[in-house]
Amino acid sequence: MSRTIVLMGAPGAGKGTQARLLQERLNLPQISTGDILRARAEAGDQLAEEIRALQAAGKLAPDDLVIRVVEERTARDDCQNGYVLDGFPRTLAQARMLEKLTAEQHKEIVAIAIDVPFEVLEKRTTGRRQCPVCGEIYNMYFRPPQSNETCDRDLGVRLVRRADDTIDKVRVRLETHQQQTQPLLDYYEETKRLHRVDGVRDTEAIYQDIERIISG
Ligand SMILES: [Zn+2]
């Protein structure tokens with residue numbers, strides 16, 4: 001049976017990387033609601049107009065609109081053998097809508113959470129530095145440059161840190177994510193479809209676990 005994969009993970013957990021690998025290797029398209037809403041707003045119909053009005057007002061798209069867009073996108077041929085949802089469902093109401101949609105599509109939901117402890121997520125984000133010249137990304141904890149805060153390739157060029165990667169802002173992002181995601185984790189746990197993957201390993205080891213879960 002083909003699968004609807006709900007991929008969950010905090011900012012910095014490596015969800016985007018895994019979704020990309022699933023797309024490349026298993027041909028499972030990554031359905032990111034943010035992306036499809038943006039793309040859908042470009043069309044010339046009523047739905048696009050509704051989306052543009054919400055965006056103009058700076059409002060979050062309501063659940064029923066999001067599910068309509070997901071339904072439309074996942075009805076395409078490339079989703080026939082399954083797809084990976086990224087950023088959806090965000091709420092229990094959306095999770096229930098997804099149940100209905102998945103049943104109609106004769107698919108099975110598999111929820112996968114990439115687990116990474118808070119301290120590691122904090123270091124991954126607050127330690128991130130980038131060279132403004134070549135774009136190389138370093139991490140002061142996990143992949144430090146040879147000499148303090150300067151690029152290995154561009155002599156003497158100081159690495160920069162993104163303004164919203166400070167510890168306070170990272171903590172707020174992680175806590176918000178935790179609060180939003182916990183009800184969904186509980187829901188998929190109770191319905192026995194939650195799989196947890198240890199995200200503190202290299203990309204390939206994590207991917208192998210995810211692939212095993214999907215084909216299991
Ligand atoms: Zn550089």
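If you read the sequence from its start, that first residue is 1, and numbering goes on from there. For ligands, and for the atoms within them, numbers begin at 1 and follow the listed sequence.
Residue pairs satisfying the salt bridge (charged side-chain N to carboxylate O under 4.0 Å, His left out) criterion with at least one member in residues 137-150, sequence neighbours excluded, are listed as follows: Arg129-Glu149, Glu136-Arg143.
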Could you pull out all donor-acceptor pairs under 3.5 Å where a side-chain atom in residues 49-60 meets a protein atom, sequence neighbours excluded?
unit_1: Arg52; atom_1: NH1; unit_2: Ala41; atom_2: O; d: 2.7
unit_1: Arg52; atom_1: NH1; unit_2: Ala43; atom_2: O; d: 3.2

Identify every side-chain donor-acceptor pair in residues 5-12 under 3.5 Å, counting partners at least two apart or on other chains, and give the distances.
none

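Between Asp78 and Arg73, at least one side-chain N (NZ, or NE/NH1/NH2) sits under 4.0 Å from a carboxylate O, which counts as a salt bridge. For the pair Arg25 and Glu211, the salt-bridge criterion is not met [side-chain N within less than 4.0 Å of a carboxylate O].
Around the Zn ion (ligand 1), the protein atoms of type N, O or S that sit closer than 2.8 Å are Cys131 SG, Cys134 SG, Cys151 SG, Asp154 OD2.
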Residues Gln178, Gln182; criterion side chain to side chain donor-acceptor pair (under 3.5 Å); working and verdict: CA-CA 6 Å; Gln178 169 74 23; Gln182 196 55 52; 3.0 Å; yes

